[in-house]
Amino acid sequence: MYSVFLVDDEPIVLEGIRSKINWEEAGFSFAGEATDGEIALSMIHELKPDILITDIKMPFMDGLELSATIKKTQPWIKIIILSGHDEFDYAKKAISIGIEDYLLKPFTSEEVIQSLKKVAAQIDKERTQQSDISRMKEELRTQEKLVQKEFLNNLVHGAADMTNIMARCQELGIDLLSRYYKIFISKITSSSGNNQKQQEACSRLNSYSGTWEQTYSFFHHSNRLVCICKGTTQTELEENVFRIAQTIEHIATNNSDCIVTTGIGKTVDHLSSLPESYEDAKAIVEIEKQGNQNTIISSDDIQLNNDDTLLELKENDPLVDRLRYASKNDISTIVEESMTLIHSNQGQFKVFASYILVDMIFAVSKLIENLGGDIKEINPEIVQRSYVDNAVMDEQNFENTMRKVLNFALEFRDSKSTSRYGDVILKAKKYIEENYADQNTTLTTVSEAVAMSPNHFSAIFSHECKTTFIEYLTNVRIEKAKKLMKETEMKGYDIAYECGFSDPHYFSYIFKKNTGLSPREFKGGTSVL
């Protein structure tokens, strides 16, 4: 089953394609639709369809611009272009972008299905090639790849000769000249322990890895993809890192059995400092407990300062949920799990202990904040860098400090009776509540409101709210529509516009998809459309 997303500024075209095709019978599913490229872009970012069907001529962002952007950010999506203009220049531009098929208006539903099946066959072929483990092994056998991998591996581990590093890069065809660098590690595992499925996912990633801009990568320990990313500005670098990390997650989890944990190291400005970024990413991947959920964590979220100032505590942490419902008896379990991790990484006690304790302090801080407190006022000592440094002097002191911090958190929690989301999620939800009626409310506008990049915000929102941004926004709009239907005599098309939907027909489709009832049926038999 392949998911299909439609974009066309003519509602009659959208309705015709949507309603005249028996999607399931044809082997496809209808993922969603939009009336212009700008709105479609954030929806596609969230829904990640297999196939995009888009018109060329549209307001705000046309189909060619949308296609070019999608091919850059989500290259696995196949694109079919629709056009009412039989002009060679359009076809030539579309082909140069890399679209898979081109349909000239007017067209029949049979022609659309034929085009979809043609693209589906191409997807099948690519997936077969990507799943061929022998292809990955053959590529790794080539001397050039092996030499490059050895060089990059030595570079991130601090074992490379830095005196002639640029000359060596030139010999190997590697361009590492840049202003800033980041390393991130994606660990791919099978939730069922199926090694074949894990290797198939790694093979797919290996096939795509050469297409990521400003990035060089190699596999370490068979299931850890190490990526060296570069950028001219820190903002550009961070955006690219999160985009690639989410691309890796999407490709690897085409097999639902696979889970991806990504640790992002700190930004450095010299090649000689790459090992520092690598150790950051490695420590995060090692510390993060493998659950049933994909995770992207940046070292910037648990940044350690080098002076005796407050630890910089940023986004939320999975441990917050655990502490929210933990008992005093669970403290020993948490401490034992941490000590087991420490003992499994002999020789790196201070590095791993520091990350574990900072992660714990971070979680405690956010839990207290969610409960209406401020850790800097209630217990300022534990957010001092010196507190962490003193705690990791030896194992016994470290263990005692962990117990002390956890006991403090649970005692404060037990003294409170209410809790709420962290600041970022609260601010985002407040913005959505105030702007859901605006058709231009998208992932991009909300991420700007909370001062985050769209990729970073999308990952955090999905992780914290256990739903995607698009699903949450749609649910808010549907709930508002249901309220208007019950409490007013407004017509269905007015309700659609009032709740942020640009097309009443699409509103009806989404309403029934979410509630199981058409707007008329929900209203109780009264005509609303």
Side-chain angles (χ1 to χ4, degrees), residues 1-23 25-126 211 439-440 442 444 470 501-507 509-510:
M1 191 73 73
Y2 307 91
S3 57
V4 181
F5 191 91
L6 307 179
V7 188
D8 198 303
D9 62 336
E10 298 181 50
I12 191 171
V13 175
L14 289 176
E15 183 180 5
I17 297 177
R18 182 195 335 117
S19 61
K20 292 183 179 180
I21 293 177
N22 188 327
W23 295 97
E25 182 180 292
F28 301 90
S29 65
F30 181 73
E33 63 183 43
T35 54
D36 70 68
E38 189 173 324
I39 293 175
L41 194 59
S42 62
M43 295 178 69
I44 293 169
H45 173 85
E46 287 286 336
L47 296 172
K48 297 179 174 61
D50 295 303
I51 302 172
L52 166 65
I53 301 178
T54 178
D55 188 22
I56 283 185
K57 286 283 191 176
M58 294 185 295
F60 305 111
M61 177 186 285
D62 65 29
L64 293 177
E65 185 179 355
L66 172 63
S67 297
T69 303
I70 291 298
K71 282 296 182 182
K72 180 179 179 181
T73 59
Q74 295 172 281
W76 66 84
I77 296 178
K78 304 302 179 186
I79 301 175
I80 300 172
I81 288 286
L82 308 177
S83 177
H85 305 271
D86 188 11
E87 298 178 8
F88 177 69
D89 286 343
Y90 281 114
K92 185 169 65 174
K93 181 71 177 293
I95 291 170
S96 70
I97 290 171
I99 61 100
E100 277 64 39
D101 208 358
Y102 189 100
L103 290 178
L104 188 64
K105 296 179 181 178
F107 47 78
T108 64
S109 58
E110 288 77 16
E111 289 174 323
V112 175
I113 292 174
Q114 184 179 3
S115 179
L116 285 170
K117 289 186 174 180
K118 173 183 174 182
V119 172
Q122 185 177 346
I123 294 174
D124 287 339
K125 182 179 178 181
E126 288 182 2
T211 66
Q439 296 174 16
N440 294 317
T442 63
T444 301
I470 287 295
F501 292 94
S502 60
D503 180 4
H505 296 286
Y506 181 58
F507 163 66
Y509 169 80
I510 290 295

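- With rounding to the nearest 0.5 Å, the separation of CD1 in Ile99 from CG in Asp101 is 6.5 Å.
- Between Thr54 and Ile81 there is a side-chain heavy-atom pair separated by less than 4.5 Å.
- The heavy-atom pair separating Leu66 from Ala40 by the smallest distance is CD2-CB, 4.3 Å.
- Ser42 approaches Thr442 most closely through the heavy-atom pair OG-CB, 3.3 Å.
- For the pair Asp55/Lys105, a side-chain contact is recorded, criterion being any heavy-atom separation below 4.5 Å from C-beta on.
- Taking 4.5 Å as the limit, every side-chain heavy atom of Glu10 sits out of range of all side-chain heavy atoms of Leu82.
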Q. Stepwise, does the side chain to side chain contact (heavy atoms under 4.5 Å, CB included) test hold for Ile51 with Ile123?
A. CA-CA 9 Å; Ile51 302 172; Ile123 294 174; 3.9 Å; yes
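- More than 12 non-hydrogen atoms from other residues, nucleotides or ligands lie less than 6.0 angstrom from CD of Gln74.
- Put simply, CD1 on Ile44 and CG on Leu52 are 4.5 Å apart, with the number rounded to the nearest 0.5 Å.
- Atoms CD and CG, on Glu38 and Asp62 in that order, are 12.0 Å from each other to the nearest 0.5 Å.
- Screening residues 63-75 for salt bridge (charged side-chain N to carboxylate O under 4.0 Å, His left out) gives Lys71-Glu100 as the qualifying pairs, with residues at least two apart or on separate chains.
- Between Asp8 atom CG and Arg18 atom CZ the span is 11.5 Å, to the nearest 0.5 Å.
- The closest side-chain heavy-atom distance from Asp503 to Glu33 is below 4.5 Å.
- The shortest side-chain heavy-atom distance between Trp23 and Leu116 falls under the 4.5 Å cut-off.
- Side chains of Phe60 and Leu41 form no contact here, defined as non-hydrogen atoms less than 4.5 Å apart.
- Of all heavy-atom pairs between Pro504 and Ser502, the closest is CD-O, 4.2 Å.
- Closest heavy-atom contact between Ser115 and Leu103: CB-CD1, 4.1 Å.
- Nearest heavy atoms, Ala26 versus Ile113: CB-CG2, 4.4 Å.
- Judged purely by atom type and a 3.5 angstrom limit, Asp50 uses its side chain to pair as donor or acceptor with the backbone of Ser3.
- Here the side chain of Ser67 pairs a donor or acceptor atom with the backbone of Gly63 at under 3.5 angstrom.
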Q) Passes side chain to side chain contact (heavy atoms under 4.5 Å, CB included), Ile53 versus Leu6? Steps please. A) CA-CA 5 Å; Ile53 301 178; Leu6 307 179; 3.7 Å; yes
Q | Chi angles and distances behind the side chain to side chain contact (heavy atoms under 4.5 Å, CB included) call for Trp76, Lys48 | A | CA-CA 9 Å; Trp76 66 84; Lys48 297 179 174 61; 4.2 Å; yes
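- Closest approach of Met43 to Ala34, counting heavy atoms only: SD-CB, 4.2 Å.
- Note that CG of Asn22 is 14.5 Å distant from NZ of Lys20, once rounded to the nearest 0.5 Å.
- Expressed to the nearest 0.5 Å, how far CD1 of Ile80 lies from CZ of Phe107 amounts to 10.0 Å.
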